[in-house]
Number of protein chains: 2
Amino acid sequence: MREPLDPDMFADCRPVSSVPIRIGDKWTGKIIICLRDGPRRFTELLVPLRGITPKVLTASLRAMERDGFVTRTAYDEIPPRVEYELTPLGRSLLTPMAVACEWNRTHLPALTSARAAYDAS
Amino acid sequence: MREPLDPDMFADCRPVSSVPIRIGDKWTGKIIICLRDGPRRFTELLVPLRGITPKVLTASLRAMERDGFVTRTAYDEIPPRVEYELTPLGRSLLTPMAVACEWNRTHLPALTSARAAYDAS
DNA sequence: CAGTATCCGAAACGATACTG
DNA sequence: CAGTATCGTTTCGGATACTG
């Protein structure tokens, strides 16, 4: 017999993407990948993040800084230079993200065709 | 030298949680965990999913059905009985989710204290 | 260069009540 | 039991313009 579900099974989960990790929003995961090879500047990040606005990029980077995923280093130069870099904690996210990407690579076609079949009916 | 970022590096990524997988919303991951041990009924799911409303649970299950993650089986009885069950595709999500949970288990304390430090300053 | 300031629309989520 | 129907709030992200 199947056990009944434990009513408290999610007691230690904070709301929104606690499990899985809080990288479920639109940009955080991509930013982490952009920073994989070393520090990057604000404008440098804008390019591959097609269509992100400066406001949203700032907000994302602030949130990631708060979570301890990135550091922000401002150099006192003219023109200004700011570099964002992954912390070890931020870098540790690359493992689960790689697994998720691998899932996508192998299973996304199945999901897509499931959707098509559902929408057709 | 670090390479410049490829402007097209996310060309094959659909918006919102494509990589990582579309389990970044508030409930999908938890529902999958609830269905891990076998089929469950609608009301049975409501219990551990503290505070979810029937409307939101229905919407989540419909989306998961559309993505091919769960099947919905209605039995012609009175009172009505409906069971939701993971498909093999849905079950395949347990692997990346376990990795994400493991990340949480080991690194969430670091994130939490990073937040506290940031908010204190 | 590296952001801020304002405004806006869409989507997610929740509260409450009702039904075959 | 397994939903649906309405309504309201909050959050997210985008558009556009401006600044030290």
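Every chain is numbered from 1, with letters handed out A, B, ... down the list of sequences.
- Remark: B:Arg41 is not in phosphate contact with D:dC1, judged by side-chain N or O atoms under 4.0 Å from OP1 or OP2.
- Note that B:Arg40 lies outside the cation-pi zone of B:Tyr84, set by a 6.0 Å cut-off to the ring centre and a 45° limit from the axis.
- The separation between A:Leu57 atom CG and C:dA2 atom P is 11 Å, rounded to whole Å.
- The side chain of B:Tyr84 contributes no N or O atom lying less than 4.0 Å from OP1 or OP2 of D:dC1.
- Listed candidates were C:dC13, C:dC7, C:dA2. Nearest to the side chain of A:Lys55 is C:dC7.
- The CD1 atom of A:Ile52 sits 17 Å away from the P atom of D:dT16 (whole-angstrom rounding).
- In this structure, the nucleotide among D:dG13, C:dA15, D:dA2 sitting nearest to the side chain of A:Val56 is D:dG13.
- B:Thr95 and A:Trp103 form no side-chain donor-acceptor contact under 3.5 Å, judged by distance and modelled atom types alone.
- Here the P atom of nucleotide C:dG14 and the CG atom of B:Asp25 are 11 Å apart, to the nearest Å.
- Rounded to a whole Å, the CD atom of A:Glu77 is 13 Å from the P atom of C:dC1.
- For B:Thr43, a side-chain nitrogen or oxygen approaches OP1 or OP2 of D:dA2 to under 4.0 Å.
- Cluster membership for A:Leu61 and A:Leu89, using ILVMFWY side-chain heavy atoms within less than 4.5 angstrom, is shared.
- Residue-to-nucleotide proximity on DNA chain D shows that, of A:Pro80 and A:Pro54, the 5′-proximal contact is made by A:Pro54.
- Taking atom CG of residue B:Leu61 and atom P of nucleotide D:dG3, one finds them 8 Å apart after rounding to whole Å.
- In the set D:dC1, C:dA2, C:dT16, the nucleotide with an atom closest to the side chain of A:Arg81 is C:dA2.
- In the hydrophobic clustering of ILVMFWY residues, with side-chain heavy atoms under 4.5 Å counting as a link, B:Leu46 and B:Leu49 come out together.
- Atom-to-atom distance recorded for B:Arg62:CZ and B:Met64:CE is 13.0 Å, nearest 0.5 angstrom.
- Here B:Thr58 reaches the OP1 or OP2 of D:dT4: one of its side-chain N or O atoms lies under 4.0 Å away.
- One finds no side-chain N or O of A:Arg40 lying less than 4.0 angstrom from the OP1 or OP2 phosphate oxygen of C:dA2.
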Report task. For the pair B:Arg72 and B:Val82, evaluate side chain to side chain contact (heavy atoms under 4.5 Å, CB included) and give the outcome as yes or no after the intermediate values. Result -> CA-CA 7 Å; B:Arg72 176 184 183 279; B:Val82 175; 3.8 Å; yes
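- Of the side-chain N and O atoms in A:Arg62, one or more sit less than 4.0 angstrom from OP1 or OP2 of C:dT4.
- Across the protein-nucleic acid pair, A:Glu65 atom CD and C:dA2 atom P stand 15 Å apart, rounded to whole Å.
- A sub-4.0 Å separation between OP1 or OP2 of C:dG14 and a side-chain N or O of B:Arg50 is absent.
- Between A:Ile78 atom CD1 and D:dT19 atom C1' the separation is 14 Å, expressed in whole Å.
- Atom CD of A:Glu44 is separated from atom C1' of C:dC1 by 13 Å (rounded to the nearest Å).
- Base pairing annotation: D:dA5 forms a Watson-Crick or G-U wobble pair with C:dT16, both donor-acceptor distances under 3.5 Å.
- Taking the side chain of A:Phe42 as heavy atoms from C-beta on, and the options C:dC1, C:dA2, D:dT16, the nearest nucleotide is C:dA2.
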